[in-house]
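Beneath this line is the structure, given in structure tokens, with notes to follow.
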2 protein chains.
Amino acid sequence: MNLHCDTCPVRGSAACAVLSDDERAALAKAGRSRTLNRGEMLFAAGDDEAACATLITGALKVSGIDKDGNEQILALVHPAGFIGELFAPFAHHDVVALTESRLCVFARSDLERAIDTYPALARALLRRSQEDLLASRNLLEMTGQASAEARLAALIHDFAAAASDTSCHIAARFELPLTRGEIASMLGLTIETVSRKLGELETAGAIRREGKRGIELVDPALLQALSGRQSA
Amino acid sequence: MNLHCDTCPVRGSAACAVLSDDERAALAKAGRSRTLNRGEMLFAAGDDEAACATLITGALKVSGIDKDGNEQILALVHPAGFIGELFAPFAHHDVVALTESRLCVFARSDLERAIDTYPALARALLRRSQEDLLASRNLLEMTGQASAEARLAALIHDFAAAASDTSCHIAARFELPLTRGEIASMLGLTIETVSRKLGELETAGAIRREGKRGIELVDPALLQALSGRQSA
DNA sequence: CGCCGCATTGAGTCGCGTCAAGTATAGTGG
DNA sequence: CCACTATACTTGACGCGACTCAATGCGGCG
């Protein structure tokens, strides 16, 4: 399926936004659109011909499997995010869709060529990569020494921010994109602890649960206080 | 102090290695050499005019401070490594020398200009950034659900690999670049636990301690087994 | 020498993991 | 429409591993 950049919702924010219309049109010839359903994998750790992609809609997770077979979520990818290890001979982690997702996929070799052809693209990808690095380090800080409750509070706060359309305020109500098990694997906790602490956050009056995945922020300030972060 | 690329030990492996001699000479005009002693800071979190740098010799740590004042080490930087957040308005983390270190420092504005002038440099920095991202995610995996003993074993193994000059084997003897407290902050443990587990690794016959910082690898295979990793 | 930073060691406690039931909710096939 | 199953989630009891608190050892330096 061919790309339709004209109607692309992340046209202005993805890496390819730095290209001129002509350049983007040329790049689009090499790429193609792809849709993944929840649970479908874009590529797996160890794949030697892993593609690169920009996420258009939906959400992805980047995860690794330790030797006991436990999954660990290392990063989430939101729309306009870029996926792909350009210089590694093979992929180091799995990339899986959390919700139905639409992507703009490129073969790695094509993208490497594009980087050389369009210097602005390399710069844009460098910027994204640095942002990803920052996100990864933030997750490190979060899981470093914080209590289970603080980790959960911080994660919920982040999700609320990500669920909001405008960047200046956070959503008061949203659906968790992750199952309890996925939250646990991301925060280095167990399913049971996540479930218990969610209950305690509700009892404390910080949030209200709606069904299995719905979260309403009752007291965002309290949530942030429990997360042990500076007010942003 | 001016740069002397001719005698630079990381001339072949740092980001600037992708430049031609002429290009590097031009870039060198904008940069300058700087030496840091152990504990000296390159820049602090919040600095709005944080520089960028390539590490020539020594070792650095990238760390954050949580609101209780506890330091958390987020990454280590080895020679040829690049430091600097090119697109952020201010630095997010502290960067501090672990040992006496020599760096090649650039103002951020100069480096941004260089990226535009030399596309190959952007590509090289993108590559480094992706490697840093991978390292950060590896640390995430390591601190995610592993036991204190496994984390220590893995860290010691990594240090042994980093201390080796050739990439194909690991050093049998080396000095830990970190204090117990720094190891603890990097692994999300306490000083006491680090000290105890080091003792247990010695009792188990995996390592031998020499003074406060010296480590001799008695049984590397055992160490790797305890770290819970695949044999590389 | 006396002080200070770093490391070790011990005793006690607690948070979170483990194990084990038990409860929704959706999907499937009869 | 209803059993039947699968998957996700919740809840409780219990134990262990790592943190906390506290004391001691050790080396460097003024």
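Both backbone and side-chain heavy atoms feed into the values below; hydrogens, waters and symmetry mates do not. Order of the sequence lines sets the chain letters (A, B, ...), proteins ahead of strands, with each chain counted from 1.
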Take atom [atom1] of [X] and atom [atom2] of [N], then tell me their distance rounded to the nearest Å.
{"X": "Glu71(B)", "N": "dC6(C)", "atom1": "CD", "atom2": "C1'", "answer": "15 Å"}
{"X": "Ile191(B)", "N": "dA22(D)", "atom1": "CD1", "atom2": "P", "answer": "16 Å"}
{"X": "Asn70(A)", "N": "dG17(C)", "atom1": "CG", "atom2": "P", "answer": "12 Å"}
{"X": "Leu198(A)", "N": "dC9(D)", "atom1": "CG", "atom2": "C1'", "answer": "10 Å"}
{"X": "Leu189(A)", "N": "dT18(C)", "atom1": "CG", "atom2": "P", "answer": "11 Å"}
{"X": "Lys197(A)", "N": "dC14(C)", "atom1": "NZ", "atom2": "C1'", "answer": "11 Å"}
{"X": "Glu175(A)", "N": "dA8(D)", "atom1": "CD", "atom2": "P", "answer": "16 Å"}
{"X": "Arg196(A)", "N": "dG15(C)", "atom1": "CZ", "atom2": "P", "answer": "13 Å"}

Salt-bridge criterion met for [X] and [Y] (N-O under 4.0 Å):
{"X": "Arg173(A)", "Y": "Glu216(A)", "answer": "yes"}
{"X": "Arg208(A)", "Y": "Glu210(A)", "answer": "yes"}
{"X": "Glu202(B)", "Y": "Arg209(B)", "answer": "yes"}

Which sits closer to the 5' end of DNA chain C, Gly211(A) or Ala146(A), going by the nucleotide each is nearest to? Ala146(A)
Give Arg151(B) one of three labels, base, sugar-phosphate or nothing, depending on what nucleic acid heavy atoms sit under 4.0 Å from its own. nothing
Taking Leu98(A)'s backbone N and O only, do any of them form a donor-acceptor pair with Arg38(A)'s side chain (distance below 3.5 Å, no angle check)? yes
Winner on side-chain proximity to Arg209(B), out of dT18(C), dT8(C), dA18(D), is dT8(C)
Determine whether a donor-acceptor pair (one donor, one acceptor, N or O, separation below 3.5 Å) exists between the side chain of Glu192(A) and the base of dC16(C). no
Please state whether the phosphate of dA7(C), meaning OP1 or OP2, lies under 4.0 angstrom from any side-chain nitrogen or oxygen of Ser195(B). no
Any side-chain N or O of Thr193(B) under 4.0 Å from OP1/OP2 of dA18(D)? no
Ring centre gap for Phe90(B) and His92(B) strictly below 6.0 Å: yes
